[in-house]
Amino acid sequence: MKIVLVGYMGSGKSSVGRSLAQRLGMDFLDLDTLIEQNENSTISEIFQAKREIRFRKLEHQLLQETLDQSQSFVLAVGGGTPVYYNNMENINANSYSIYLRMSPMQLCERLKQEKSSRPLIAHLSDEDLPEFIAKHLFERRNYYEMANFTLDVAQKSIEEISEEINLHLNDLQK
Ligand code: S3P
């Protein structure tokens, strides 16, 4: 089984993915990490040196290669991955996709502390962040909502979220 976690930056895809993979005894993969390893640079460096357009191409190629693998895994993709090329269709054709949903306000509180490693928001002041996130999430929502399952994750611990997903996956198999 292949599981792909989608959602906006800061929604907890990587932490939940790691915990879920451990629970299910599956490998955990993180698309941003695969890109960084492939390019031997950080995401911020890739955005700076090669621009977003090149990053999106790399993201698309590595997503395709990962989904083509035959082994089971839990994969956390980047917040923008579902929005570019036919990535979301490809995710749904090859995996069970789960959208970790949070409101713009909740995301904003999280992202204030984690801006610097994220090139799309690193330059924004704390005052400009709420409006940016609200607009950006509005543009991306339709793609995230294409996921097979949506889970509201605000106010829940990583363990609670991965347990809820686990129970949902068990229900599906009944
Ligand atoms: C991005 C999200 C980031 C990373 C890149 C672009 C986006 O991943 O892929 O900075 O477009 O939302 P996270 O969602 O893991 O922060």
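Since we're looking at a predicted model, the values are computed, not measured. As the structure lists them, so they are numbered: ligands from 1, and atoms in each ligand from 1.
Of all protein heavy atoms, the one closest to atom 8 (O) of ligand 1 is D32 OD2, 2.8 Å. Taking atom 12 (O) of ligand 1 as the reference point, the nearest protein heavy-atom neighbour is R140 NH1, 2.7 Å. Of all protein heavy atoms, the one closest to atom 7 (C) of ligand 1 is G80 N, 3.3 Å. With hydrogens left out, the protein atom closest to atom 5 (C) of ligand 1 is I43 CG2, 3.9 Å, a heavy atom. Among all non-hydrogen protein atoms, the one lying nearest atom 16 (O) of ligand 1 is R118 NE, 2.8 Å. For atom 6 (C) of ligand 1, the closest non-hydrogen atom of the protein is R56 NH2, 3.8 Å.
For the pairing with T81, the side-chain contact (heavy atoms from CB on, under 4.5 Å) check across D32, L75, L63 returns one residue only, L63. The salt bridge (charged side-chain N to carboxylate O under 4.0 Å, His left out) with E114 is formed by just one residue from the set R110, K112, R118; it is R118. Test T66, L67, L29, N148 against V4 for side-chain contact (heavy atoms from CB on, under 4.5 Å) and you get one pass: L67.
Atoms of ligand 1 lying under 4.0 Å from any heavy atom of P119, numbered from 1 in the order shown and given with element: 10 (O). Close contacts between ligand 1 and G79 involve ligand atoms 2 (C), 7 (C), 8 (O), 12 (O), 13 (P), 14 (O) [criterion: under 4.0 Å to a heavy atom]. Close approach of ligand 1 to G78 (heavy-atom distance below 4.0 Å) involves ligand atoms 8 (O), 9 (O), 14 (O).
When only interatomic distances are considered, the shortest N/O to N/O separation between Y8 and ligand 1 does not fall below 3.5 Å. Of the N or O atoms in E59, none lie within a sub-3.5 Å distance of an N or O in ligand 1.
For S103 and Q106, the side-chain atoms include at least one donor-acceptor pair closer than 3.5 Å.
Other residues, nucleotides and ligands contribute over 12 non-hydrogen atoms within 6.0 Å of the CD atom of Q69. No more than 12 heavy atoms of other residues, nucleotides or ligands shown are found within 6.0 angstrom of CD on Q22.
Using a 30° and 60° split on the angle between ring planes, H136 and Y8 fall in the perpendicular class, above 60°.
Counting heavy atoms closer than 4.0 Å to ligand 1, residue L120 contributes side-chain atoms (C-beta onward) but none from N, CA, C or O. Using a 4.0 Å cut-off between heavy atoms, E52 makes no contact with ligand 1 at all.
Using a 4.0 Å cut-off between charged side-chain N and carboxylate O, E139 and K135 make no salt bridge.
L111 and M105 are members of different hydrophobic clusters when ILVMFWY side chains are connected at heavy-atom separations under 4.5 Å.
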